[in-house]
There are 2 protein chains.
Amino acid sequence: MSSKNDSRQNILSVATRLFHLQGYHATGLNQILKESGAPKGSLYYHFPNGKEQLAIEAVKRMDALIKNDIVSSLEKYESAIEAIQIHIQKIAADFTNDEKLECVPIGILVAETAQISESIRETCKAAVEGWEELYCSKLIGDGFEPDLAKKLGVTINSMIEGAVTRSLINKDSQPLQQLAECIPVLLKR
Amino acid sequence: MSSKNDSRQNILSVATRLFHLQGYHATGLNQILKESGAPKGSLYYHFPNGKEQLAIEAVKRMDALIKNDIVSSLEKYESAIEAIQIHIQKIAADFTNDEKLECVPIGILVAETAQISESIRETCKAAVEGWEELYCSKLIGDGFEPDLAKKLGVTINSMIEGAVTRSLINKDSQPLQQLAECIPVLLKR
DNA sequence: GTCTATACTCCGATAGAC
DNA sequence: GTCTATCGGAGTATAGAC
């Protein structure tokens, strides 16, 4: 049972990193197998539904890690503006670190697979909605109107996703840093 | 010469639409060929560098169309806030229209191909920087500080890209609409 | 439960007839 | 210039030995 879990976890861990770095279609099962050292039969034993199941479980894994990051950033500062700004700066700092996951992969994965897998899309939707809820709650706790806070929660998440993608285009975290600098202007009342 | 152009343009037009809808890896040359009615040899005659060249020219095509949309939206209103808000509402309205292109595909294409093609990345970078410049100029023309306007130009573009991706996750333009509603709050001075 | 060998499809790309 | 036939390899998935 422990070896079963080890093997499974190992495959999933490698798959999560590769889907995040390269996207869904660019990541082949053979590459996952090669990097994890597992044989092909093992992958299909642990993930009978193949690549799609692997992607879904990878998204859930990313969700847990990212949610954790958001919570830990937001609880560090009372002011919502300050907390969100620091959160984005942290993402910028982690930008070049392959071990850290940020919210891009989710959007990219959906864009890539929207036409072939409803279940991947739904898994991603649930994850993203959870993050938005966290931003929303923080804003409400800091005195924002609930209605506006809800829209802003969605928008803040979009901003971050867009800025990470934009940083990817530049191969540089500057767009993320610029977003962080804009936050006090954007959210001031 | 006219037939040469027709065939070339036809292939490029189909490729542009498919790359936009499905991304780079999900779009096969065979699908492009099938939908355009052209034979494979014809594709390699017009685009000797194959898929990569096709993607680069498709991005340039998207760039021209999108730039045109941005200019035409922004020149309709004197107020930068109003103009940008209307622009985003237009993107939301076009969201379900396959014939209209918005800025998502650029970010997705880069994310998908970042590790395999520097030239696709550079082409996308040039395109996005042009759009940001348009937003920036509009803001400066409306009295924003040049330094802030530059950061906001980048950020506005990221917001839109993120919101289109988010709308893709929802299969619904609501996130884009919510972004549009937030614009007056976000950009007010 | 673990692993190997292999099936089958589709990919991007090329060669060469016309 | 246009089109067909085909290559070599990579893709996902499966069958079955151990």
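Within every chain, numbering begins at 1; the chains are lettered A, B, ... in the order of the sequence lines, protein sequences first and strands thereafter. The analysis underlying the following values was restricted to heavy atoms, covering all of them including side chains, and did not include hydrogens, waters or symmetry mates.
Distances from the side chain of B/P39 to the nucleotides D/dT14, D/dC3, C/dA13 place D/dC3 closest. Listed nucleotides C/dA13, D/dG1, C/dT2 differ in distance to A/Y45; the shortest reach to its side chain belongs to C/dT2. When each of D/dG11, D/dT2, D/dA13 is scored by its nearest atom to the side-chain atoms of A/N30, the top-ranked nucleotide is D/dG11. For A/H46, the listed nucleotide lying nearest its side chain is C/dT2; candidates were D/dA13, C/dT2, D/dT2.
Regarding B/L18, its CG atom lies at a distance of 16 Å from the C1' atom of C/dC11, rounded to whole Å. For the pair B/L29 CG and C/dG12 C1', the computed distance is 6 Å after rounding to whole Å. The CD1 atom of B/I11 sits 15 Å away from the P atom of D/dG1 (whole-angstrom rounding). Following rounding to the nearest Å, A/L33 (CG) and D/dA10 (P) show an atom-to-atom distance of 15 Å. In this structure, A/K34 atom NZ and D/dG11 atom C1' are separated by 15 Å, rounded to whole Å. Nucleotide C/dT2 holds its P atom 12 Å from the CZ atom of A/R8, rounded to whole Å. The OH-C1' distance, from A/Y44 to C/dA5, rounds to 15 Å in whole Å. The separation between A/L43 atom CG and C/dT2 atom P is 12 Å, rounded to whole Å.
With B/D63 as the partner, the salt bridge (charged side-chain N to carboxylate O under 4.0 Å, His left out) test is satisfied by one option alone out of B/R61, B/K67, B/K60: B/K67. Shown are A/I183, A/L186, A/L179, A/L187; of these, the side chain to side chain contact (heavy atoms under 4.5 Å, CB included) with A/Q85 is made only by A/I183.
Using a 4.0 Å heavy-atom cutoff across all strands shown, B/G50 reaches sugar-phosphate atoms only and no base atom. Residue-level contact check: A/G28 touches the backbone only, with heavy atoms under 4.0 Å from sugar-phosphate atoms and none from bases.
Mapping A/P48 and A/Q31 onto DNA chain D via the closest heavy atom, the residue that lands nearer the 5' end is A/Q31.
For the 3.5 Å distance criterion, the side chains of A/E133 and A/S137 qualify, holding a donor opposite an acceptor.
No chain of hydrophobic side-chain contacts below 4.5 Å, direct or via other Ile, Leu, Val, Met, Phe, Trp or Tyr residues, connects A/I140 to A/Y135. Following chains of ILVMFWY side-chain contacts shorter than 4.5 Å, one cannot reach A/W131 starting from A/Y77, and the two form parts of different hydrophobic clusters.
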